[in-house]
Asks: 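Starting off with a structure, shown below.
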Amino acid sequence: MHIINKIDAGHDTSVIFSFEFFTPKYPRSATPESRSEINDSFISKVTHMAKYGASYCDITWRPTSAEMSVELASRMQNEVPVDTMMHLTCLGMSMEKINKAIDGCRERGVANIMALRGDPPVVGKTTASGDGSSESEKGIPVCGLDLVEHIRLRHGDFFGLAVAGYPEAHPEKIPEGSDVATEQGYEEDLIYLKKKVDAGADFIVTQLFFDTSVFLKFVKDCRRVGIECPIVPGILPIVSYRSFQTMTTTCRTKVPTIIRNTVEKLKTDEPALLAYGVELAAEMCTEILQSGIKELHFYTMNRDEPVLKILQRLGLVKGGDNGVPRVLVVEEEKEGKKLVSFGV
């Protein structure tokens with residue numbers, strides 16, 4: 001089922017929430033058996049969380065493990081089962097690999113794709129900028145707009161398509177030495193987003209943010225330029241100081257001073273920081289829902305407890321299961337054995 005149909009069907013009557021998962025990482029010493037074991041554990045994690053009523057789940061794309069990404073998306077769709085959206089990036093990918101991934105999804109019944117550019121390669125002739133301008137060879141997609149157009153051209157309406165939106169503008173629109181985009185850069189990013197929607201994207205999922213007013217302004221600005229599709233807020237609960245620093249730095253997210261100061265104060269007390277992250281995310285979601293938006297998308301960081309606590313605070317789920325492990329990792333050899341464990 002196309003995710004947009006679920007969003008449209010439930011928009012006026014209920015809150016729709018969804019979960020995003022990272023594809024598992026394998027240690028260099030991983031054997032085929034340990035890879036299979038960690039994949040099974042990952043699917044168990046998704047199955048557990050999906051039972052709380054997620055309308056859909058999505059899985060990130062790992063270009064270096066393309067076949068695994070497609071296979072895990074297929075298992076989520078068919079074994080969990082939950083309507084699944086697979087992320088697909090195109091920059092630095094050959095046309096053959098792009099088409100193989102798309103065709104693989106279609107063959108396995110994965111009917112939803114999030115069309116993304118991906119991170120620019122360090123070397124190579126193909127380039128792309130945050131506004132979607134691109135330089136590609138032989139028509140190979142190199143930005144989100146290209147990928148949406150390519151999928152619609154080859155597959156028509158078979159796939160439901162989502163694209164990324166940036167409430168603070170794409171990071172490449174933020175000048176060095178500044179934490180905000182220029183007005184021109186922000187407007188250019190809105191226009192590019194509209195092009196992606198006009199090309200066939202069904203809905204938008206936003207980059208993380210920590211200032212709800214920034215997101216709500218973004219929604220109004222999208223409507224101002226003629227974007228009418230659903231805009232789903234991406235919510236990142238603060239679960240650890242390290243992940244907070246990594247994500248906000250990578251995404252160049254502006255963090256309100258009061259939140260930054262609180263995180264710094266609690267950075268050596270992870271349980272207290274986690275509790276604050278849950279409370280903060282619940283407050284943000286409450287404000288968003290009160291504005292009339294009925295969709296929430298959670299970046300889980302492959303951890304169940306924080307997101308489930310947020311949903312409980314919002315009254316969207318009941319109960320919980322604290323016996324489920326958190327982050328899936330494979331430890332290195334210990335006494336001649338490779339162990340699957342669950343770390344922070």
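Residue indices begin at 1 and follow the sequence shown.
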Asks: Step through it carefully: locate the ring centre of F244, locate the ring centre of F210, and say whether they are under 6.0 Å apart.
Replies: yes
Asks: Check this for me: does any side-chain nitrogen of one of E228 and R223 sit under 4.0 Å from a carboxylate oxygen of the other?
Replies: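 Salt bridge absent between E228 and R223.
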Asks: Using the ring of each side chain (for Trp, its six-membered ring), is F218 parallel, tilted or perpendicular to F215, with breaks at 30° and 60°?
Replies: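 Ring orientation of F218 relative to F215: tilted.
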Asks: Please name all residues satisfying side chain to side chain donor-acceptor pair (under 3.5 Å) with S213, sequence neighbours left out, ordered by chain then number.
Replies: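 By the side chain to side chain donor-acceptor pair (under 3.5 Å) rule, S213 matches D211.
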Asks: Is a side-chain N or O of S69 found less than 3.5 angstrom from the main chain of R62, in a donor-acceptor match?
Replies: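 Present.
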Asks: When you check the side-chain N and O atoms of N99 and H150, is any donor under 3.5 Å from an acceptor?
Replies: yes
Asks: Report the relative orientation of the aromatic rings in H155 and F158; use parallel for angles under 30°, tilted for 30 to 60°, perpendicular for over 60°.
Replies: tilted
Asks: For a salt bridge (Lys or Arg N to Asp or Glu O under 4.0 Å) with E67, tell me which candidate from K97, R108, K100 qualifies.
Replies: K100
Asks: Establish, from distance only, whether the side-chain atoms of Y241 and E264 form a donor-acceptor pair under 3.5 Å.
Replies: yes
Asks: For the residue pair Y186 and D221, confirm or rule out a side-chain donor-acceptor distance under 3.5 Å.
Replies: yes
Asks: Mind checking whether F203 and Y56 have parallel, tilted or perpendicular rings, split at 30° and 60°?
Replies: perpendicular
Asks: Would you call the rings of F19 and F21 parallel, tilted or perpendicular, where under 30° means parallel and over 60° means perpendicular?
Replies: perpendicular
Asks: Examine the side chains of N39 and Y26 and answer whether a donor and an acceptor come within less than 3.5 Å of each other.
Replies: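 Note: N39 and Y26 side chains meet the donor-acceptor criterion.
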Asks: Can we say K195 and D198 salt-bridge, meaning some charged N sits less than 4.0 Å from an Asp/Glu carboxylate O?
Replies: no
Asks: Looking at R260, I'd like to know if its CZ atom is crowded, meaning that more than 12 non-hydrogen atoms belonging to other residues, nucleotides or ligands lie closer than 6.0 Å.
Replies: yes
